[in-house]
Amino acid sequence: MTTLKKTKTSIPVAELMSSGHLACQGCGATMAMRYALKGLGDRTVMVVPACCWTVISGANPRSSINLPLLHSPFAAAAATATGVKAGLVSRGDRETTVVAWAGDGGTFDIGIQALSGAADRDEDILYVCYDNEAYMNTGVQRSGGTPSGAWTMSTPAGSARPKKDLDAIMLAHHIPYFATATPAYAEDMVRKFAKARTVKGFRFIHILSPCPPGWKTDPMDSTKLSRLAVQTGLFRLYEVEEGVTRLNMNVTNRKPVEEYLKAQGRFKSMPAGEIAAIQRRVDAAWEPEKGRPS
Amino acid sequence: MPRALRALRRRERVMKKVLSGNHAAAVAAQLARTQVSVGYPITPATQVFEALAEMKAKGELPGEFIAAESEHSVMAALLGASTAGARTFTATSSHGLAYMHEVLHWVAGARLPIVMVDVNRALAAPWNLWTDQTDSLSQRDTGWMQTYCSTNQEVLDTVLMSFKIAERVMLPSMVVLDGFTLSHSYEPVDVPSQAEVDAFLPPFRPELKLDPDQPITFGSLTQPKDYLRLRRRMAADMAEAENAVEEVGREFGEIFGRSYGQLDPYRCEDAETILVTSGAVGSTARAAVDALREKGLKAGNLRLRAFRPFPAKSLRAFVKPGMKLAVVDRNYSPGMGGIFAQEIKAALYPRPGVSVHGYVTGLGGGDITVELLQEVWERVDDAPVAEVPAATWVEDAR
C-alpha cells in the first residue's frame with residue numbers, strides 16, 4: 001500500500017499566467033514568468049521590450065497574463081517602466097509594482113543604457129532579465145549573455161568571448177536589491193519576487209532561463225538543466241541587499257561542468273580543453289575572495 | 001462658458017512677463033498641470049529642461065519630473081507615463097529629436113497625446129548649433145502633429161492649445177520654435193492665470209490606461225488587416241485634427257483674446273505674389289511686406305502654423321488663380337528641395353494658374369533679413385517656371 005506524501009510549499013496557488021501562451025515547449029521564460037507572478041501578485045504592471053515574451057504574451061487581442069502589459073521599444077524597457085511608475089504615481093497610485101521584463105539582448109546589449117540610467121536614478125521599478133543566453137526571438141544569434149564556446153547562428157564555430165558579467169555591472173550601480181534565480185528552484189524564485197515587491201527603489205533579478213531550441217536540448221530537460229547550472233556552480237543563486245551579499249545555495253559538492261555542457265547541443269563542438277578551462281574558472285570563482293563564476 | 005471666462009479674465013490681472021521662448025514653453029507646461037515631464041539637456045532646448053527642474057525643486061511643478069539619461073529614454077518614459085494615463089511633456093532639439101525618432105513612431109501609433117517642444121536646430125555633420133527646420137521636418141512621417149510658432153507668446157499659447165487638441169484626437173503634438181531666434185530671445189508674454197488655463201484645459205482622463213484593476217495589453221502584435229485599419233483610423237483622426245486646430249484656436253481666442261488657425265495671412269487681400277513662411281521668419285516677413293507695400297507693391301505674407309496635419313484644405317481655399325507663392329524654406333531635403341515648397345505644390349496639384357517657387361535660405365542659422373525677403377519677393381516675377389522641381393538657393397549678402 002502506498003501512502004501519499006504531503007508536500008509543504010510556500011508557492012501561492014493563484015495563477016496570473018494562463019495556458020495557451022505562444023512559447024516553445026519547455027521554455028524557461030514561461031516558467032520564470034509564472035513563478036515571478038506568484039511572488040509579485042496582481043498589483044503589477046508589466047513592461048516588455050522586444051524579446052521572446054513579445055510573442056509569448058499573445059497576439060492582439062489575446063493575452064497570456066492577467067495583468068496590464070505595455071510593449072516597449074527594444075532599447076528602452078527600463079525607461080518605459082520608469083515612465084509607467086511616474087505616471088501611476090502622478091495619478092495617486094503608489095502601490096502598483098512596475099516590472100520591466102526583458103531578455104538578455106534587451107538587457108546585456110541594446111537596453112543597457114536605459115537600464116543603467118534607471119538604476120543610476122534608483123527608479124522605483126523591478127527589472128527582470130530572463131537570460132537565455134542569445135537572441136532567441138530572432139532565431140539564436142550571439143548576445144552579450146552568450147557563454148564562451150556556445151554555438152549560435154552568428155557564432156557557428158562557438159562564441160569566442162566569455163559571458164558579459166552583467167551582475168557586476170548592475171552591482172556597480174549601488175542598487176538596493178539584486179538577486180539571481182532559476183525556474184528549477186521555484187520556491188527560491190517566488191520568495192525573491194515577493195521580496196523584490198516590498199523593496200523601494202531599483203531592483204534587479206537575473207534569471208537563467210533555459211531555451212530548448214537555442215540550447216539544442218530536449219524540452220523536457222529544461223528544469224533539469226537549470227538545476228544543473230546551479231549544481232555545477234556555473235550559475236550562482238545569491239542576492240545582494242543594500243550591498244550585503246547572501247549566498248542562497250552553497251554548492252559544496254559541485255558537479256562537473258561537463259555534465260551541464262555535454263547535455264546541450266550548443267556546446268557539442270567544444271573541445272575538451274575548453275571544458276577543462278571553464279571548470280578551472282568555476283573552481284577559482286568559488287574560492288573565497290575570488291568573486292562570482294563567469 | 002466663454003462669457004464666464006471673459007468675466008474671469010477681466011477680474012484676473014493680465015500678467016505680462018518678459019520670457020524667452022524656452023521659458024514660455026516651460027511656463028506653459030506648468031500651467032497645463034503636466035503630470036509627468038521628462039528631459040535631457042540639448043542646446044538650444046536645455047533651458048526648458050532646467051526651468052522644469054527648477055520648478056520641481058521649488059515645489060512649483062505639480063507633477064513628476066525625471067532627468068533621463070538620453071532622449072531615447074525620455075520619449076520611452078513618456079510612452080510609459082502617457083499609457084499610465086498621465087499628461088506628459090518634454091522639450092528637445094536636433095540630435096535629441098533624431099535620437100527619439102524610433103519612439104516617436106511608437107508614441108503616435110499608440111495614440112498618446114504627448115506634447116513636445118522642439119527647438120529647431122541643424123543636424124551634423126558638420127556641427128551646427130543654430131536654427132534650421134530639418135530636424136522637425138525629418139519627423140514628418142512619424143504621425144506627430146507639428147505647429148510652427150513665430151513669437152514667444154505663440155509658443156506659450158500653442159503648448160496649451162496642443163494639449164487640448166492632442167487629447168481630443170489622441171495624437172502626439174510637436175510645438176516647434178526657432179533655435180536662439182525664439183528660444184533665447186526675450187519678449188513680453190501675456191502669462192494667463194492658472195484659473196483661466198484650468199477653465200480652458202480640463203484634466204486628461206483617457207478612456208484606456210495601464211491599471212491593475214483593468215488588465216489590458218497595449219501595443220501587442222497585430223495582423224496586417226488590423227494594422228492597416230489602425231493606420232486608417234489615424235488618417236481619419238489626422239483629418240479631424242485640422243478641424244480641431246481651427247476650433248481650439250477660435251476657442252482660445254474667445255477666452256484669451258488671441259485666435260490661431262492653421263494659416264496666418266498678412267496683407268494678402270489684394271496680393272498676387274505672396275511670401276510663404278513658417279516659424280520666426282513669419283514676423284520678419286511681415287516687416288518685409290510692410291516695406292514692399294510702402295513702395296506701392298502688392299505684397300503679402302502667408303505663414304503656415306500647421307505642418308501636420310498639412311493644412312491642404314485651408315491652403316486650397318486661400319489660393320486664387322493668378323497667385324504666385326514664394327516659399328521660404330529654412331530646411332532642405334537633399335535631392336528634392338525645400339520641404340514646405342514640396343508639400344504646398346503637392347497640396348495644390350492640380351491647380352492651374354498658380355505657381356509655387358521654392359527658396360532655400362537661412363540653413364544652419366543663416367540670417368533671413370527683411371532685405372533678403374524683399375529680394376525673394378521681387379525675384380518671383382522673373383523666375384522661370386522650372387520643369388524639374390528645383391529650389392533656388394539664396395543667402396544674406398552681408
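Convention: sequence-line order gives letters A, B, ...; per-chain numbering from 1. All heavy atoms count here, side chains included; hydrogens, waters and symmetry mates do not.
- T92(B) places no side-chain N or O within 3.5 Å of a backbone atom of Y40(B) that could act as its donor or acceptor partner.
- In this structure, chain B has a heavy atom under 4.5 Å from the backbone of D42(A), while its side chain stays farther away.
- In this structure, chain A has heavy atoms under 4.5 Å from both the backbone and the side chain of L210(B).
- Only the side chain of E102(B) comes within less than 4.5 Å of a heavy atom of chain A; its backbone N, CA, C and O stay farther away.
- When heavy atoms are compared at a cutoff of 4.5 Å, R121(A) approaches chain B solely by way of its side chain, counted from C-beta outward.
- With respect to E239(A) and K192(A), no salt bridge is recorded, no charged nitrogen being found less than 4.0 Å from a carboxylate O.
- Contacts between residues 73-88 of chain A and chain B, counted as heavy-atom pairs separated by less than 4.5 Å, involve P73(A), F74(A), A75(A), A76(A), A79(A), T80(A), T82(A), G83(A), V84(A), A86(A), G87(A), L88(A).
- In this structure, K164(B) forms a cation-pi arrangement with F200(B), its terminal cationic atom sitting closer than 6.0 Å to the ring centre and no more than 45° off the ring axis.
- When heavy atoms are compared at a cutoff of 4.5 Å, V36(B) approaches chain A solely by way of its side chain, counted from C-beta outward.
- Of the options D131(A), L171(A), I112(A), a side-chain contact (heavy atoms from CB on, under 4.5 Å) to L166(A) is made by I112(A) and by none of the others.
- Of the two parts of A67(B), only the backbone, made up of N, CA, C and O, holds a non-hydrogen atom closer than 4.5 Å to a non-hydrogen atom of chain A.
- Both the backbone and the side chain of T217(B) come within contact range of chain A, with heavy atoms under 4.5 Å apart.
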